[in-house]
Amino acid sequence: MASLVQELSQIVGAVFVEWGLPAELGAVRVSDRPDLAQFQCNGAMAAAKQAKKNPRAVAEEVVARLQTNPAFAKVEIAGPGFINLNLTAEYLAGYLGGIASDPRCGVATLAKGKTVLLDYGGMNVAKAMHVGHLRPNVIGDALKRMVRFAGYNALGDIHMGDWGLPMGQIISEFEIRNPEWVYFKADFVGPYPEEPPFDYGTLEEIYPQASNACKEDPVRLEQARQATADLQNGRPGYRALWNHFMKLSIADLKKNTDALGVHFEIWKGEADVNDIIPAFADELKAKGLLVESDGAQVIEVVADDDKKEIPPLMFFKSNGAQTYGTTDLATLYERVKLYPDLVKIIYVTDKRQNLHFEQVFRAAKRAHLVDKVELVHIGFGTLNGADGKPFKTRDGGVMRFDMLLDLARQKASERMKEAHLAQDLSVEEWNDTARMIGVAAIKFADLLNQAHVDYIFDIDQMTSFEGKTGPYILYQAVRIKSLLRKAGEFEADSALYLQEGDRALALLLTQLPEVFAGALKHYTPHVLCDYTHRLAQEFSSFYGNCHILSEADESLKASRLQLCRMALAQLTLTTSLMGIDIPERM
RNA sequence: GCGCCCGUAGCUCAACCGGAUAGAGCACCUGCCUUCUAAGCAGGGGGUUGCAGGUUCGACUCCUGCCGGGCGCGCCA
């Protein structure tokens, strides 16, 4: 199914071809000047440059042919050679009618049978999920939904931090506190207990204490390092203890990500590649890529045309231990083997890891691991407080994730009370609606900002029902739902009669395919947010200025209800791509 | 020292591959509720796009040099 802009580009492109010009120059796009026209084509200027002709003369040749086309109500040349186009109401209505009942709202499927893996969790074992985990989860999940909607088999991998020094720090801390536990007895032959002798809260508490102890005391740090090495070498008691960490942590992470509405298909972590690392290292050695440097084993990643210094990827530290470079590269190696249809891996992490991923990607290319796989790193910016510095709680701490969601829910609830909204809801419905609005507020605000820039986290602003916010979008969508409920049954494929007041909304509804394609191509969900907001606003304007239920002309009423239904369908689709749900009432 | 990112309205942010008069939201001002959810709608004011050059029909966008802010640069992840 071609989008409207594609249809128009074909028409205009064909005319360019008639004049011996490339069809691509006939590309039509939505006009920059809606006061002058609905659509424009800039190809005449480019063609004139190539053929060294007068742009207006070229445009005139093209326009002469277009004027006879029944699709256009108006074809004009403006300025240096812009071709401005307006559609007839019939043509526009005909196009919209064609996508009215399309569950994809006119967006074509772009791919089939190919797998894209997204690595976006990055949460750590034994460490409470906090505000810093918001962006990778929200952005990664949205990108995954977009990739999936495009037709790919999209897999989200949480890639937990479960194998580094923190594990050794916690294990050694437990060993100091509870040396009598069977996990630490060298002569114990098992089996180890099924249930851990501690709960998740204890684990969460112990980690920062152990971490601090190691910072202050080199001897303590050495203990932790040794424990890490022993764990990685498979010491049974440590592995049994580590299994407890995993079980408790995953349960807690699931609770948090479920509350946020973010999901993972793959719950793997750094530890999962531990066993393949020796063989992988041998392969790298055989390829001559693993070289010694200052006692460590590294992969050089400098290129001849590099202007900057780029350090090698650290594969084995001088003490033989792994780094996150080791596990990231080995994970890549495993993923490529595991998913034969893999065409792309998208990593969503803090942008401060830019250099690390450049190193990993270069190493992977040198090792020919990814000859058929594209690697993409989306580095996101910092979440700042009102002072422009990294967001902290009042007492200077890091806000826990569950606190963050609860804060958003509370704020949403306050706003609902202020607005006297949803007063007839039951307590359960009220709380659930407040929760949905809170999550929508946070996700929309996060996605609205370009991923790579830092942004100011302002909970009052993002939960506001006014302005470019999640709640505003939901509010408009709920108004449509309410309207459609009142309208009752109506002809599903009613013909569209586009009056003056309906035109702007109708025109906007044709733009989703290009918006989606652009957002997907550049990995920019904020483009989708912007469109969603424009659509909500355009609907609101339409709603404020046009009679719908009270419209006496039955066919016009049906046509307007059809527009409402399409607007709701698109709002539902675009918000779902952001991981945002729309309540029935609010 | 080297490298990456950012600098646009009072504030928070957009601007598709170099296109027309740089757009939204907030805040401010003026109208509109006996009609479908007024936390809505209609309208208004507000800009030397950090600075200085360059490339061309045309630059927020590309190039060079400055100024200001953030971040990174082998054995943490």
Side-chain angles (χ1 to χ4, degrees), chain A residues 27 29-33 35-36 40 42 45-46 48-49 55 78-82 84 122 124 161 163-166 211 270 293-298 306-319 321 323-325 327-328 349-356 358-359 379 381-382 384 388-389 415-416 418-422 445 448-450 452-456 458 461 464-469 471-472 475-476 478-487 514-515 517-519 521-522 524 526-527 529-530 533-534 537 540-551 564 585-586:
Chain A
R29 55 190 231 181
V30 173
S31 177
D32 290 333
R33 294 284 304 274
D35 54 321
L36 298 181
Q40 65 180 336
N42 297 349
M45 290 180 291
K49 201 169 200 170
F82 295 101
N84 284 338
N124 298 313
W163 209 231
L165 183 64
S211 173
E270 296 164 340
S293 171
D294 294 340
Q297 300 279 312
V298 304
D306 273 336
K307 283 178 185 162
K308 61 181 175 184
E309 303 162 24
I310 178 158
L313 184 79
M314 179 71 55
F315 199 83
F316 288 130
K317 296 193 269 195
S318 44
N319 70 354
T323 73
Y324 74 138
T327 50
D328 276 348
T349 77
D350 190 303
K351 68 180 175 187
R352 284 175 294 193
Q353 292 189 34
N354 278 348
L355 179 58
H356 167 69
E358 186 168 1
Q359 290 172 301
T382 312
N384 289 332
K389 291 178 182 164
R415 300 294 175 123
M416 285 162 73
E418 286 163 25
H420 306 294
L421 284 177
L448 181 61
N449 291 284
Q450 294 188 64
H452 73 277
V453 300
D454 301 341
Y455 80 94
I456 292 177
D458 181 345
Q461 186 278 327
S464 170
F465 282 54
E466 294 172 32
K468 222 166 171 175
T469 68
Y472 174 86
Y475 178 69
Q476 300 307 340
V478 164
R479 291 215 292 186
I480 307 178
K481 287 192 180 186
S482 169
L483 187 68
L484 293 175
R485 264 197 304 271
K486 285 187 177 151
E514 272 68 37
V515 168
K521 183 179 177 189
H522 303 291
T524 46
H526 80 274
V527 170
C529 291
D530 185 68
H533 177 253
R534 278 192 290 145
Q537 227 175 11
S540 192
S541 173
F542 168 73
Y543 181 88
N545 295 316
C546 291
H547 294 279
I548 302 168
L549 295 180
S550 58
E551 174 55 52
C564 290
R585 295 184 294 168
M586 64 184 266

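Here the structure is a predicted model, which is why all the values come from computation and not from measurement. Chain naming here is simple, since letters A, B, ... match the order of the sequence lines and numbering starts at 1 in each.
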What contact category does Leu36(A) fall into here, base, sugar-phosphate, or nothing, at under 4.0 angstrom with non-hydrogen atoms? base
Whole-Å distance between rU56(B) C1' and Met45(A) CE? 14 Å
Gln353(A) CD - rC71(B) P separation (whole Å): 16 Å
Between Glu418(A) and Asp294(A), whichever has its closest RNA chain B nucleotide further toward 5' is Glu418(A)
Round to the nearest Å and state the distance from Gln40(A) atom CD to rA20(B) atom P. 8 Å
Taking any heavy-atom pair under 4.0 Å as a contact, classify Val478(A): base, sugar-phosphate, or nothing. base
Mind listing the closest non-hydrogen atom pair of Cys564(A) and Ile480(A) along with its distance? O-CG2, 3.4 Å
Taking syn as a glycosidic torsion within 90° of 0 and anything else as anti, which one is rC17(B)? syn
Categorize Asp454(A) for me: base, sugar-phosphate, or nothing, with a 4.0 angstrom heavy-atom threshold over every strand shown. sugar-phosphate
How long is the straight-line distance from CG of Asn384(A) back to OG1 of Thr382(A), given to the nearest 0.5 Å? 5.5 Å
May I ask you to say what Arg29(A) touches in the nucleic acid, namely base, sugar-phosphate or nothing, with a heavy-atom cut-off under 4.0 Å? base
Describe the nucleic acid contact of Leu448(A) in one word from base, sugar-phosphate, nothing, applying a heavy-atom distance below 4.0 Å. nothing
Please classify the nucleic acid contact of Ser318(A) as base, sugar-phosphate, or nothing, using heavy-atom distances under 4.0 Å. base
Rounded off to whole Å, could you give me the CG-to-C1' distance for the Leu483(A) and rU37(B) pair? 10 Å
Tell me whether the side-chain N/O atoms of Tyr472(A) come closer than 4.0 Å to OP1 or OP2 in rC26(B). no
CG of Asp32(A) versus P of rG23(B): gap in Å, rounded? 10 Å
Give Cys546(A) one of three labels, base, sugar-phosphate or nothing, depending on what nucleic acid heavy atoms sit under 4.0 Å from its own. base
Describe the nucleic acid contact of Leu355(A) in one word from base, sugar-phosphate, nothing, applying a heavy-atom distance below 4.0 Å. sugar-phosphate
Taking only N and O in the side chain of Tyr543(A), is any of them less than 4.0 Å away from OP1 or OP2 of rU37(B)? yes
Base of rG50(B) relative to its sugar, syn (within 90° of 0) or anti? anti
Taking the chi torsion of rC33(B), is it syn (within 90° of 0) or anti (everything else)? syn
Does Lys317(A) reach a base, just sugar-phosphate, or nothing at all? Heavy atoms under 4.0 Å. base
Would you indicate what Asp328(A) reaches in the nucleic acid, counting non-hydrogen atoms under 4.0 angstrom: base, sugar-phosphate, or nothing? nothing
Distance, nearest 0.5 Å, that separates SG of Cys546(A) from CD of Glu551(A): 9.0 Å
Given atom CD of Glu466(A) and atom C1' of rC11(B), what is their separation to the nearest angstrom? 16 Å
Phosphate-side-chain proximity, His526(A) and rA15(B), N/O vs OP1/OP2 below 4.0 Å: yes
In terms of ring plane angle, is the pair Phe465(A) and Tyr475(A) parallel, tilted or perpendicular, where the classes change at 30° and 60°? perpendicular
With a 3.5 Å limit on both atom pairs, tell me what rA14(B) is paired to, counting Watson-Crick and G-U wobble, or say none. none
Upstream residue (5' side of RNA chain B) when Asn545(A) and Tyr324(A) are each assigned their closest nucleotide: Asn545(A)
What is the distance from CG of Asn449(A) to C1' of rC5(B), rounded to the nearest Å? 15 Å
Counting only side-chain nitrogens and oxygens, does Ser540(A) get under 4.0 Å of the OP1 or OP2 atom of rG40(B)? no
Remember a base hit wins even if backbone is also touched, and classify Ser293(A) as base, sugar-phosphate or nothing at under 4.0 Å, heavy atoms. base
Between the side chains of Asp454(A) and Lys351(A), is the shortest nitrogen-to-carboxylate-oxygen separation below 4.0 Å, so that they form an ion pair? yes
Could you check whether Ala321(A) gets within reach of a base, just the sugar-phosphate, or nothing at all, counting any heavy atom under 4.0 Å? nothing
Does rA14(B) have its OP1 or OP2 closer than 4.0 Å to a side-chain nitrogen or oxygen of Gln450(A)? yes
Mind checking the P distance from rC51(B) to rA59(B)? Whole angstroms is fine. 16 Å
Span that lies between the C1' atom of rA9(B) and that of rG46(B), in whole angstrom: 6 Å
Ignoring hydrogens and angles, state whether a donor on the side chain of Arg479(A) or Gln476(A) is under 3.5 Å from an acceptor on the partner side chain. yes
Given atom CH2 of Trp163(A) and atom P of rC76(B), what is their separation to the nearest angstrom? 18 Å
